[in-house]
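To start, the structure under review is shown below, and the notes come after it.
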Amino acid sequence: MGRKDILGIAINDKEITALRLVAENKKLDMQVAARQWRESEQLSHALKALADELHWPCQGPCLVGLPLSAFSVRNLHVPFHDEKKRAQILPFELESRLLLPAEQVASVSFVTTRGKDGTGLVAFAAEKIMLNSLLAEKEGNLAFRALYPAAYALARQVQLEANLDQSHVTLLLYADVFSVSFICLRGNTPFFFREITLSEFWQDEDVALILSPSSGEHRLIQELWQNIRLCSRISGHEFKPEKVLIAGPLANSSILSSLLAQFADCPVERAQFFFKGYSLRKGLPAPAFDAALACALQGFDKDDTVNFRQGEFARPRALFSQRKNWLSAALFCALLAFSAILYLWNTVRVLSLESEHLRQEMITQYKGAFPGKEVVHDPYLEMLSAQKEGQVETGLSLFDSQRPSVVQVLAALSQNLPKGIPLKVSRLLIDQERVQLKGETDSFKTVDTIRSLLAGSPLFTGVQIISTNIEKKGDGNTVLFELSLQLTMAEVGR
């Protein structure tokens, strides 16, 4: 199995935690780093310092989790199941529940329930200004592949647990000294997210003082009960957790565990993480890195439902960055190659047919020129060979001893046509049996004179006027004519 290098980052109001996860040969190695930061410090500087501390390379996915305080979380119900319709209507469903107009907010959602009357959703909405600011802060070696609510990444770890009883209700708490993320799950499905801010309860950050009971019921317990009642009202039936899972910096606090056990009257356990069949080379990091670990483990999860890096915030992708793009390119190349092969095959076929047709024509001409001879291989080459060997039985030569030569024909024409006759020869054709003469003169009478003079030559047995036409040229008229002269069979003038 190949090597995977994933960086998970969890950002809250005053601290950034990062966990680098290296998966190779079914083993997982983890490196962690944390950094305090203030709003006066540029986030990019803090992120770069953490990346440098972890020796983070440029390649590999970087997944970022943000606190619930960065989002508006709403439980919705829509009267249909179609995913595209949900995506279209979600901004308008949220607009009446948010302070900002829909065009200033980006939103994502996931399904919690499906029924005959529609679909239950949990929607997360974030200001576009905040997302743009966060994405603009990133350094070159921190290309954020995903932006999640960190609480959702934690809930996904519980959701992926194979042995979770689908009929049980589980309460997942992520607790640090600033806030508690309150997440309810029914079976494997998270359906309620809220954040309880703890800064209202104390000024001192000492855990013992934070969790020490005040007069009457502890105020943190009061907040938990309020959220339990709100969760019951949204779900439509009384909500009573059968197990409490705790994560975050305060996960190992015995005081908090005792308080929660007293509050929920059920087992309180440390939240577990799902490692996709990998084993750890070392133990789990400190609970303070739970959110960063959950974000990093999302790198193994193909579910991108609750990821704000989509739509206008989608990361730019290379042409062949996805497998389907490779498949599309390969399919296109295959079709192109097939089309080229088909074109070449058809061209060869057409040329072969034309070549065979030409060969048959040459065979026909060969048989006409050389009767009695059969074509063995190439008719053209055999025709040349037969001509060279003088094997022509019915030749086309104009120098047959039984017929006048070309020189004799020309001499007869010159002798029988005196110089005083106005004649311009435009075409003279001589073959084995006749002579065709085309020309022009001044009148029809002159044409008759020419015919009579040529008929008196012993070289020609018959002279006929084929055609005569008058044509206007300049100030006068010209007669165009054509004569046919039959040659004698005996030799003349040797």
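We're numbering straight along the sequence, starting at 1.
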Does CD belonging to Gln360 count more than 12 external heavy atoms closer than 6.0 Å? yes
How close do Ala125 and Val105 get, heavy atom to heavy atom, and via which atoms? CB-CG1, 3.5 Å
Can you tell me how far apart CZ (Arg349) and CG (Leu344) are? Round to the nearest 0.5 Å. 13.5 Å
If only atom types and distance count, is the side chain of Asn346 paired as donor or acceptor with the main-chain N or O of Leu342 below 3.5 Å? no
Report yes if some heavy atom in the side chain of Arg35 is under 4.5 Å from a heavy atom in the side chain of Glu53; otherwise report no. no
Ignoring hydrogens, what is the shortest heavy-atom contact between Ser109 and Leu121? Give both atom names and the distance. OG-CD1, 4.4 Å
With distance as the sole test, does Asn469 use its side chain to make a donor-acceptor pair with the main-chain N or O of Leu480 at under 3.5 Å? no
Does a side-chain N-to-carboxylate-O contact under 4.0 Å join Asp82 and Arg86? no
Determine, stepwise, if the pair Leu297 / Phe273 fulfils side-chain contact (heavy atoms from CB on, under 4.5 Å). CA-CA 8 Å; Leu297 290 173; Phe273 293 91; 3.9 Å; yes
For a side-chain contact (heavy atoms from CB on, under 4.5 Å) check, start with the C-alpha distance between Lys128 and Phe313, then their side-chain angles and the critical distance, and finish with the verdict. CA-CA 9 Å; Lys128 291 184 178 180; Phe313 300 103; 3.7 Å; yes
Is a side-chain N or O of Asp29 found less than 3.5 angstrom from the main chain of Leu21, in a donor-acceptor match? no
Minimal non-hydrogen separation, Leu66 against Ala70, with atom names: CB-CB, 4.4 Å
Sidechain-backbone polar pair: Arg451 side chain, Leu483 backbone, donor-acceptor under 3.5 Å: no
Over 60° means perpendicular and under 30° means parallel, so tell me whether Phe110 and Phe193 are parallel, tilted or perpendicular. perpendicular
Do Gln486 and Phe460 have side-chain heavy atoms sitting under 4.5 Å apart? no
Heavy atoms from other residues, nucleotides or ligands near CG of Leu99 exceed 12 (cutoff 6.0 Å): no
Would you give the length of the straight line joining atom CG of Leu336 to atom CG of Leu331, rounded to the nearest 0.5 angstrom? 11.0 Å
Residue of the set Ile9, Leu293, Leu7 for which side-chain contact (heavy atoms from CB on, under 4.5 Å) holds with Leu19: Leu293
Between Ser279 and Lys27, a side-chain donor and acceptor under 3.5 Å: yes
Mind checking whether Phe308 and Phe124 have ring centres under 6.0 Å apart? no
Roughly how far, to the nearest 0.5 Å, is CD of Gln298 from OH of Tyr148? 4.5 Å
Measure the spacing between CD of Glu95 and CD1 of Ile89 and express it to the nearest 0.5 Å. 12.0 Å
Going by heavy atoms in the side chains, are Asp117 and His77 under 4.5 Å from each other? yes
Any donor-acceptor pair under 3.5 Å linking the side chain of Thr478 with the backbone of Lys473? no
Other residues, nucleotides and ligands only: do more than 12 of their heavy atoms fall within 6.0 Å of CD1 on Ile421? yes
When you measure from the side chain of Ser414 to the backbone N and O of Leu410, does any donor-acceptor pair fall under 3.5 Å? yes
Can you tell if the side chain of Glu361 reaches within under 4.5 Å of the side chain of Leu358, non-hydrogen atoms only? yes
Taking C-beta and beyond as the side chain, do Leu134 and Ile11 meet within less than 4.5 Å on heavy atoms? yes
Under 6.0 Å between ring centres: does that hold for Phe481 and Phe444? no
Does atom CD (Gln104) have a neighbourhood of more than 12 heavy atoms from anything else shown, all under 6.0 Å? yes
Would you name the heavy atoms of Ser457 and Ala412 that are closest together and state the gap between them? OG-CB, 3.9 Å
Would the distance check show the side chain of Thr446 and the main-chain N or O of Asp442 forming a donor-acceptor pair, the cut-off being under 3.5 Å? no
Verify side-chain contact (heavy atoms from CB on, under 4.5 Å) between Arg74 and Ser72, making sure each step is shown before the conclusion. CA-CA 7 Å; Arg74 297 292 184 269; Ser72 295; 4.2 Å; yes
For the OG1 atom of Thr364 and the CZ atom of Arg359, what is their distance to the nearest 0.5 Å? 11.0 Å
Which pair of non-hydrogen atoms, one from Val108 and one from Asn307, has the smallest distance, and what is that distance? CG1-O, 3.7 Å
Quick one: are Lys438 and Leu428 in side-chain contact, heavy atoms under 4.5 Å? no
Output yes when a side-chain donor or acceptor of His81 lies under 3.5 Å from a complementary backbone atom of Lys116, and no otherwise. no
Spell out, as yes or no, whether a donor-acceptor pair under 3.5 Å connects the side chain of Arg427 to the backbone of Gln436. no
Side-chain contact, heavy-atom cut-off 4.5 Å: Leu54 with Val32? no
Expected output: side-chain Arg20 to main-chain Met30 donor-acceptor under 3.5 Å: no
Please walk me through it: do Thr119 and Thr113 pass side-chain contact (heavy atoms from CB on, under 4.5 Å)? CA-CA 6 Å; Thr119 305; Thr113 58; over 6 Å; no
Does the side chain of Phe192 come within less than 4.5 Å of Leu185's, by heavy atoms? no
Roughly how far, to the nearest 0.5 Å, is CE of Met130 from CG of Leu135? 9.5 Å
Return the minimal non-hydrogen interatomic distance between Pro149 and Val306, and the atom names on each side. CD-CG1, 3.7 Å
